[in-house]
**Student:** 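Below you'll find the structure I mean.
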Amino acid sequence: MRIATWNVNSVRQRLEHLLGYLKQVEPDVVCLQELKCVDDAFPRAEIEAVGYHSHVHGQKGFNGVAILTKRDAIVTSGLPGDPSDAQARYIEAIVPHGDRSVRVASIYLPNGNPVGSEKYPYKLGFMDRLIARARHLLDHEEILVLAGDYNVIPEAIDVADPQNWGNDALFLPETRERFRSLLNLGLVDAVRAMTDEAGLYSFWDYQAGAWHRNRGIRIDHLLLSPQAADRLQSFSIDKDLRALDKPSDHVPVRIDLA
């Protein structure tokens, strides 16, 4: 089973890139973030034409998450724990595959900047709710993949210029501590389960020639339950999409599960 996560940074602007990716890579499940559209504006027909069901939790102008599946799925939207949270940042699906099912979540974790504003406490609160949800799901002992744009740089090895990110919400100790709390529940970072290689990035800013200078960060993650980690065969960071015309600033990260 091939599962990919990708912050598309506007699904309508990046539709041709997305359709090309679906045709070329043929993932079974794709978790999308930062759709920047409401549910009714999502390009369902075009995506259905290449063989995928669309499960969407959209929002006007910003945010928005989706899960694309080759087979239909049972879907719930919204991260539990705060009924007042209206931001579309979490969607979860139970996806059948052969004689098994896999539970997959698409997560668009808040950026949190500027740190001195209300945005950083919201980020930390969202992470606390995600930890609670992950703890609950792990009790089911099922094949679970929590995928998405976490807006977290886990370690110095995951950023080209660590000294430039010391005061950023993505790299602050409180942020990284909560990410470690997720892993300490028993989740496994799929990429780091397979390699300690430096220079593996999933995001390059549009500014200051970051892509051409390879000044990137790794913030798009797939966290696996033990049952999923046992089936992990390979991973890929599909960097070639960053070189396309008018690309997203993120690239897909994908895994294959046995």
Side-chain angles (χ1 to χ4, degrees), residues 1-8 18-19 21-33 35 42 44 47-57 65-81 89-109 129-150 179 181-195 202 220-238 252-258:
M1 189 176 195
R2 179 164 290 172
I3 301 172
T5 183
W6 188 11
N7 179 323
V8 291
L18 174 59
L19 295 176
Y21 187 73
L22 296 176
K23 292 179 206 176
Q24 178 182 357
V25 177
E26 297 185 328
D28 297 285
V29 178
V30 182
C31 298
L32 299 177
Q33 302 88 40
L35 305 179
F42 191 83
R44 296 175 186 272
I47 289 170
E48 183 177 350
V50 296
Y52 288 83
H53 299 271
S54 298
H55 313 282
V56 184
H57 181 34
V65 286
I67 299 177
L68 311 182
T69 59
K70 285 189 174 181
R71 299 180 64 181
D72 207 357
I74 301 171
V75 179
T76 56
S77 298
L79 182 63
R89 293 184 174 276
Y90 186 92
I91 187 170
E92 192 178 293
I94 300 173
V95 184
H97 189 74
D99 60 351
R100 298 180 181 272
S101 293
V102 177
R103 188 185 297 267
V104 180
S106 180
I107 302 162
Y108 182 32
L109 206 145
R129 288 158 54 204
L130 181 59
I131 291 166
R133 181 62 179 167
R135 183 182 291 111
H136 171 74
L137 293 176
L138 285 167
D139 286 343
H140 298 322
E141 297 186 355
E142 60 191 357
I143 305 171
L144 169 68
V145 181
L146 301 178
D149 175 4
Y150 278 73
F179 189 81
S181 294
L182 275 170
L183 300 180
N184 290 341
L185 294 175
L187 292 167
V188 174
D189 179 340
V191 169
R192 288 300 171 218
M194 304 201 74
T195 181
S202 62
D220 301 272
H221 309 298
L222 298 102
L223 303 189
L224 314 181
S225 68
Q227 294 76 17
D230 285 346
R231 293 167 170 79
L232 180 62
Q233 293 183 314
S234 63
F235 80 93
S236 177
I237 300 175
D238 295 319
V253 182
R254 59 182 162 96
I255 59 172
D256 285 342
L257 300 180

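The model shown is predicted, which means the values in this text are computed figures rather than measured ones.
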**Student:** Indicate yes or no for a side-chain donor-acceptor contact from S77 to the backbone of H57 under 3.5 Å, with no hydrogens or angles considered.
**Tutor:** no
**Student:** Provide the closest heavy-atom pair for C31 versus I67 in the form atom of the first, atom of the second, distance.
**Tutor:** SG-CG1, 4.4 Å
**Student:** Mind checking whether F179 and Y150 have parallel, tilted or perpendicular rings, split at 30° and 60°?
**Tutor:**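 Geometry flag for Y150 against F179: perpendicular rings.
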**Student:** Can you name the nearest heavy-atom pair linking L68 to L32, along with the distance?
**Tutor:**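 Heavy atoms of L68 and L32 come nearest at CD1-CD1, 3.9 Å.
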**Student:** At what distance, to the nearest 0.5 angstrom, does CD1 of I94 lie from CG of L144?
**Tutor:** 10.5 Å
**Student:** Just do the salt bridge (charged side-chain N to carboxylate O under 4.0 Å, His left out) check on R2 and D28 with the steps written out, would you?
**Tutor:** CA-CA 5 Å; R2 179 164 290 172; D28 297 285; over 6 Å; no
**Student:** Parallel, tilted or perpendicular: which fits the ring planes of H140 and H136, with parallel below 30° and perpendicular above 60°?
**Tutor:** perpendicular
**Student:** Is any side-chain heavy atom of P226 closer than 4.5 Å to a side-chain heavy atom of L138?
**Tutor:**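 Side-chain contact under 4.5 Å: yes.
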**Student:** Can you give me the closest heavy-atom contact between D149 and Y108, atom names plus distance?
**Tutor:** OD2-CE1, 3.3 Å
**Student:** If you measure only the distance, is there a donor-acceptor pair under 3.5 Å linking the side chains of Q33 and T5?
**Tutor:** yes
**Student:** Under the ring pair (Phe, Tyr, Trp, His ring centres under 6.0 Å) test, which residues partner H97, sequence neighbours left out?
**Tutor:** none
**Student:** About how many Å separate OH of Y90 and OG1 of T76, when rounded to the nearest 0.5 Å?
**Tutor:** 7.0 Å
**Student:** Rounded to the nearest 0.5 Å, what separation is found between the OG atom of S236 and the CD1 atom of I255?
**Tutor:** 11.5 Å
**Student:** With sequence neighbours excluded, give me every salt bridge (Lys or Arg N to Asp or Glu O under 4.0 Å) pair touching residues 133-146.
**Tutor:** E92-R133, R103-E142
**Student:** Salt bridge (Lys or Arg N to Asp or Glu O under 4.0 Å) with R231: which residues, sequence neighbours excluded?
**Tutor:**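 Not a single residue meets the salt bridge (Lys or Arg N to Asp or Glu O under 4.0 Å) criterion with R231.
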**Student:** For D230, enumerate each residue passing the salt bridge (Lys or Arg N to Asp or Glu O under 4.0 Å) test, keeping only those at least two apart in sequence or located in another chain.
**Tutor:**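 So D230 forms no salt bridge (Lys or Arg N to Asp or Glu O under 4.0 Å) with any residue.
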**Student:** Could you tell me which non-hydrogen atom of P27 sits nearest to which non-hydrogen atom of A4, and how far apart they are?
**Tutor:** CB-CB, 4.5 Å
**Student:** Quick one: salt bridge (Lys or Arg N to Asp or Glu O under 4.0 Å) partners of D238, sequence neighbours excluded?
**Tutor:** R254
**Student:** How would you list, by chain and number, every residue that makes a salt bridge (Lys or Arg N to Asp or Glu O under 4.0 Å) with D189, sequence neighbours excluded?
**Tutor:** R218
**Student:** With heavy-atom distances below 4.5 Å as the criterion, would you say the side chains of L232 and L257 are in contact?
**Tutor:**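 Contact flag for L232/L257 side chains = yes.
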**Student:** Does some side-chain heavy atom of T69 sit less than 4.5 Å from a side-chain heavy atom of H55?
**Tutor:**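 Yes, side chains in contact.
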**Student:** Would L130 and I107 count as a side chain to side chain contact (heavy atoms under 4.5 Å, CB included) here? Give the steps.
**Tutor:** CA-CA 9 Å; L130 181 59; I107 302 162; 3.9 Å; yes
**Student:** State, with a plain yes or no, whether a side-chain heavy atom of L223 is found less than 4.5 Å away from one of L182.
**Tutor:** yes
**Student:** Is the closest side-chain heavy-atom distance between M1 and V95 below 4.5 Å?
**Tutor:**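 The answer is yes; the side chains approach within 4.5 Å.
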**Student:** Contact between L224 and L187 at the side-chain level, heavy atoms closer than 4.5 Å - yes or no?
**Tutor:**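 The answer is no; the side chains never approach within 4.5 Å.
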**Student:** Give, for atom NZ of K23 and atom OH of Y52, the distance between the pair rounded to the nearest 0.5 Å.
**Tutor:** 11.5 Å
**Student:** Specify the closest pair of heavy atoms between W6 and P252, including all atoms of both residues, with the distance to one decimal.
**Tutor:**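 In this case the closest contact between W6 and P252 is CD2-CG, 3.5 Å.
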